[in-house]
Structure formats: C-alpha cells, structure tokens
Amino acid sequence: MVRIKRPAIVLSFEKTTDAMAVEKYCMENMLPGRLIPIPREITAGCGLAWKASPEDEKVLIDGLTKAGIGWSELHHLEL
Amino acid sequence: MIYLDNAATSYRKPQVVIDAVCVALSGMGNAGRGAHKAALDASRLAYETRCMLSDLFGGYGAENVAFTSNSTEALNTAITGLFGRGDHVITTALEHNSVLRPLYRLEENGMELTILQADSKGCVDYEEFERNIRPNTKAIVCTHGSNLTGNLLDIKMIGDIARRHGLLFIVDASQTAGTFPIDMREMHIDTLCITGHKGLMAPQGIGALLIRDGLEIRPLKVGGSGIHTYDHAHPAEMPTRLEAGTLNMHGIAGLHAALQHLSDIGMDVIREKELSLAKAFYEGVRTIPGITVYGDFSVSERAPIVSLNIRDYDSSEVSDTLFVDYEIQTRPGGHCAPLMHEALGTVEQGAVRFSFNWFNTEAEVQAAVEAIRELAEE
C-alpha cells in the first residue's frame, strides 16, 4: 500500500519526557497534532515526534511558546 | 495472621493498586517503543508517574526521574555511577547493605570510605560529618531512616553540610518514602533512591532514582533504549540514560495508583497512624521485665519500627515462636544492617523487628504486646 504523502510540520525532541510534556499540554489545551514515530529524515534524542498540519503551525507554536513548553527542532516534511 | 514486617515489604496493597496492576496486566504496551496506542498509553502512564514522583519529592522534573527495580538498583546506579578510585565518600553505620556493599566494592578498587560510627542508641554525631571531610571528599551517602532502629537522620542538616562543602548528597529513602516528607531542593539532595513496595504500598519490583538537574551518572546497565538503534553507545539523555530495557510498566501502573492513594489520604494522615501504632507498641513493651528495646525513642519523628530482644534469647527463636504460637510475623536476625548491630551489641543475638503500616490496627499492636509479655514471662 502506498501512502499519499502530505505536507506536515514535525516537532522533534531530545528527551522522551519532552515529547510527553508536549502531548500532555496539547491534549489539555486542544492544540492540534499527535505523536508519531520519528521520521527517518530526522535525527533526534527521542523516538517520538509531534506531527501537525502546516496550517496549524502558528497556533501550535504560539501555544507551546506561551506555555514555555520546549521542543528541539521544527521540521517541514511530506509524510 | 498479624503482619508486622512492613519494613521488609508492605504485605497488603490498597485496592486501587491491585486494580491498577490487574488493568495493566490485561493490556499494556512497551513505553517508548512506538507511537501506536498501546505504546503511547504506556508512555503516558510512565510520564505521569515520573511527574508525580518529582512533585512528591521536590524533584527536578519528569526527565530527572529514572525508574529502577528497587532502591538497591537505584543506589547501585548512583554509587557506581558517581564515584571511583581516588574519591572519598562519607557514610554511616546506620546503612543497609544496599548502601554499604556498593561502597565496599568501590573501596576495594581504590575509593576511600569513612563510616561514621553510631552509639548504643543507634545515633550518629552530626559534627563527625564535617570533621571527616577531606580535600578529596566527593559525597555523603546515607539513609534517611534505619531499617533496624527506626531512627531518622536529619537529612536537611546533612544536606546543608554537603552543600556548604560542595559535596554530592545521596539519600536512601527506602524506609521513609511515602511516610516522611522529603524535598530534594530544600534538603540539597542530589540523588534520591526510593522503592515502591514499602511505605508507598506499591508493588515489588519498582523503584526510582531522582536526580538533580544536570547531574551526570554513568549508567549501571546499557542496552535497549527505543532510540538511536544504530549507535554503539547508550543514549546519554535522561531518563533513558539510566533506563536500559523494558520498563516494569505493570509495576509503574501500581506505583501510579499508590501515589494517587497517598495523595488522596494524605501522607500526614498515614504517618500519624503508623507512628501512633509503633508508639503504642513501644509503650506496651518497654516496661516488660527482660525486654531490651533498641533505638532513640526520645524523639517522636521515627520510622514506624521497634526492634527488641527478650533477655538473651535468640532473636530467630523468638520470631519463630511469635509466628507459630501467635501468628505474628516479624523479622529476626541481622536485617542487612551489620554495622547497626555492631553498634547495638546484637551481632550474635540479632533482634526481633516489628514494623507497622497503614493497614495495621491497634488490636494487632495489643496482641503483639501481649505475646511479648507472655514470652518474656516464660
């Protein structure tokens, strides 16, 4: 089966606990996205990454930044 | 059956802990090993439990909480991961073998060790900590509470001493976690070692190592990590750094429920009951002719432990008689605390240890007092 790839934003993390902290905050505050296995294109300390739609980038990043929730890098990929 | 060996392990667990483990056994993924529902549910539970532990102990966040199988593993990780040849470490005669043996092993390989002696009541002179600091002293490692006498060490005072002298401070909280408040930041604790199955009333097989942010500990074990598969080196980031292999998620599920139970009831409420039971037992036995009770009972803040002997009777014989004739379960012998027995003069005889917890009752305490009274009269 060939998955149709679509543009996505992906947040990577250095630590597993950072990924879990983002998920917890996003779920509690209705921010978009979900945890995925880290794509092969990305090298990071944690095997989980946060994926969201490109159109949700601003609301996601603004929300996390305002709350002081950190991530390692923001990637624009086709997944 | 009367179970008075809670310092060894809490026999009964709260129903919520039992239920949580059963639910976990019905379905649990492997935390940190994928992003499907089962794996993520496990990761979430592990993360939440780390947060709860950090909050309970004034820690440095979830990332600085590493799960272990018990305090022994946590202590071995901390001690072998922080010290080595040429370092000097200070510890005390109150320690359990889970502190002493890793230190002895390092001493055999060139680490210097000073063990502060205890008096006949099992107390140390706090001035000895500073008197024994040398240029190469790296740390103080000590228990919060003796598993034999129930005496507590003032870890806030010791933490202040360590901080003033730039030393690391590692605490074994096996007998006090869940019973006495511990705040890593306030008490300047660099590494806190806990187990789930005693005062926290969680399952056996789960413990934790809480570390100060930025402290780098060489891992005790390396292996599967869920990330960086193609690297020869185990990941350096916490908590994965100190967690090789699959976590005991069933144990973590139980620990999570136990921490919630502790929060719901209140540590102060639990402690008050446990100390009250221990005090009632002490008051009941201390005046019985032929009974020797060990420890410092001049202070009210003590672990809920009372150890005693009847004349020169072998402690094993007394403990066995208590079990066979009275169905009262206690622990005799050395208690893995050799230096404490040396201080108390009980190396040959051992001691009979009674240790109380949330599920014990006043009726059980009275039954134990009467049993001791009868045995002492024989």
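Each chain gets a letter, A, B and so on, in the order its sequence line appears, and its residues count up from 1.
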Roughly how far apart are Y47(B) OH and D18(A) CG, rounded to 0.5 Å?
-> 8.0 Å
State, to 0.1 Å, how close A35(B) and L48(A) come at their nearest heavy-atom pair, and which atoms those are.
-> CB-CD2, 3.8 Å
With a 4.5 angstrom heavy-atom cut-off, could you sort out which part of A44(A) is near chain B: side chain, backbone, both or neither?
-> backbone
Under 4.5 Å, counting heavy-atom pairs only, tell me which of A49(A), G45(A), P37(A) racks up the most with chain B.
-> G45(A)
Tell me, out of L35(A), T43(A), T17(A), who's got the most heavy-atom pairs with chain B below 4.5 Å.
-> T17(A)
Pick from A21(A), G47(A), C46(A): which one has the most heavy-atom pairs with chain B under 4.5 Å?
-> A21(A)
Report the C-alpha separation of T240(B) and K15(A) in whole Å, then their side-chain angles, then the decisive distance to 0.1 Å, and conclude whether the side chain to side chain contact (heavy atoms under 4.5 Å, CB included) test is met.
-> CA-CA 8 Å; T240(B) 310; K15(A) 299 178 185 177; over 6 Å; no
Pairwise distance OG(S43(B)) to CD(E23(A)) - rounded to 0.5 angstrom = 8.5 Å
I227(B) and I38(A): CA distance, side-chain angles, deciding distance, side chain to side chain contact (heavy atoms under 4.5 Å, CB included) verdict = CA-CA 9 Å; I227(B) 53 169; I38(A) 191 162; over 6 Å; no
How close do M20(A) and L40(B) get, heavy atom to heavy atom, and via which atoms?
-> CE-O, 4.5 Å
Contact part of R50(B) toward chain A, heavy-atom cut-off under 4.5 Å: side chain, backbone, both or neither?
-> side chain
